[in-house]
2 protein chains.
Amino acid sequence: MAREKGSEKRQRILEAALKVFAERGFYNAKVSEVARAAGVADGTIYLYFENKEDLLIQLFEDRMDFIITRLNEELAVCGPGADEQLRRMIAMHLNLAVQQPDLAEFITVELRQSARFVREYENPRFVEYLRILRDIVERGQKEGVVRAGLDSRLIVRAIFGALDEVLLTLTLASRSRSVDVQLAANQLADLFLEGVG
Amino acid sequence: MAREKGSEKRQRILEAALKVFAERGFYNAKVSEVARAAGVADGTIYLYFENKEDLLIQLFEDRMDFIITRLNEELAVCGPGADEQLRRMIAMHLNLAVQQPDLAEFITVELRQSARFVREYENPRFVEYLRILRDIVERGQKEGVVRAGLDSRLIVRAIFGALDEVLLTLTLASRSRSVDVQLAANQLADLFLEGVG
DNA sequence: ACAAAAACTGAATCGCGATTCATAAATCCG
DNA sequence: CGGATTTATGAATCGCGATTCAGTTTTTGT
């Protein structure tokens, strides 16, 4: 019987979990560490989440919700062209490296895990995120910015994979030196929009 | 006191580990399952590997060695142009989806883990793999096929990220239907060489 | 103020799996 | 062939951490 989604303590536990999971990874993280980071007793975690895996799933949904909401807000106010939207999406994704490094580390690793092992959990938020990207690509195909000969699903996976890897790289790099996220975002967008040549 | 690298039993254990880790992931896989799959006793694993994590590391090195060796052989006999070499590398990487799905699943997931959590282990084989890709990109910059304005390290990470994600997608898809790896490889190469337009 | 309900606590419990090691089996060599 | 050495076995051991739940504290309602 999990507690209400809106409660402050639940949110505090999620924040703590994000920090601990990002640092240690899900499997190496202990529930007791999350509890301590949240300032609650071990057993309290189970008042809000069914088990450790449920904590992972709820955290993932919570954070992806956050990312998707902000992305949609951003896309709603930027230019309507597919290339502009792609650039915004890339920029927002890579900005996580400096604005929310814990979140960046968490999603770059746990997303892969969830795709493979939490099989009953179909990860709707991730699917939604890819859906946004695919809409951009397909709009680009309609506008003629993206040629129709390329399989949009493949493009989406490729772009997402590149984003994910570059995000991880930037995040790890930002631990020891400052990184120019905007430059990286521009170059990555250029790479996809124009190719290497 | 690990046994010789060349021994048949050690190889059998590595093959078994690949299968079990690919199916279940490292953390969910049990040493006893690997032992059973290898047809040895649980304790025998420890005659050849120091512990479970050592098994992971040795498996990773073994398999990356295999991938790198084959890639180098392939690149040695294909055309010398950077674009041709990139196409070959992409094709070989994606071919793992159908030729060695266990290996594909293993590296797409465990590589991410090792970058983040086995921090003392610097993963030289992965660095070497990226080195090969970077050499291709930089040769491309010299030939004028790849423009000099793009940061080669970023390109390498982006290409690798895309490869990794598309490989995972193809591998999972190939479980239930046949996939056209060559088409995917061509389209991915086109995407990078020419961009989306 | 008080009783009941709700929320929280944290040590104990329990299950699990990595690893050990006494014993058995296999191999080697004179 | 038989003893010595090496290799393999697998149940027992041990450590660990997820989870429980009896007891305590806080909150709510009259």
### Query
For B:Asp190, which residues count as a salt bridge (Lys or Arg N to Asp or Glu O under 4.0 Å) partner, sequence neighbours excluded?
B:Arg87
### Task
Would you indicate, yes or no, if C:dC8 has its OP1 or OP2 atom less than 4.0 angstrom from a side-chain nitrogen or oxygen of A:Lys9?
yes
N/O-N/O pairs, protein side and nucleotides 16-23 of chain C side, under 3.5 Å:
from   : atom 1 : to      : atom 2 : distance (Å)
C:dA18 : OP1    : B:Ala29 : O      : 3.3
C:dA18 : OP1    : B:Lys52 : NZ     : 3.1
C:dA18 : OP2    : B:Val31 : N      : 2.9
C:dT19 : OP2    : B:Tyr46 : OH     : 3.0
C:dT19 : OP2    : B:Lys52 : N      : 2.9

### Summary
When rounded to whole Å, the CZ to P distance for the pair B:Arg36 and D:dA11 reads 13 Å
### Message
Ring-plane angle category for B:Phe106 and B:Phe60, please: parallel below 30°, perpendicular beyond 60°, tilted otherwise.
### Response
tilted
Exercise answer: donor-acceptor pairs, residues 67-81 of chain B side-chain atoms, under 3.5 Å, sequence neighbours excluded:
from    : atom 1 : to      : atom 2 : distance (Å)
B:Thr69 : OG1    : B:Asp65 : O      : 2.7
B:Asn72 : ND2    : B:Ile68 : O      : 3.4
B:Glu74 : OE2    : B:Arg88 : NE     : 3.1
B:Glu74 : OE2    : B:Arg88 : NH2    : 2.8

### Query
What is the distance, rounded to the nearest whole Å, between atom CZ of B:Arg12 and atom C1' of D:dT7?
13 Å
#### Entry: Test item: side-chain donor near acceptor, A:Glu105 and A:Thr171, under 3.5 Å
no
### Message
Determine whether the aromatic ring centres of residues B:Tyr27 and B:Phe21 are separated by less than 6.0 angstrom.
### Response
no
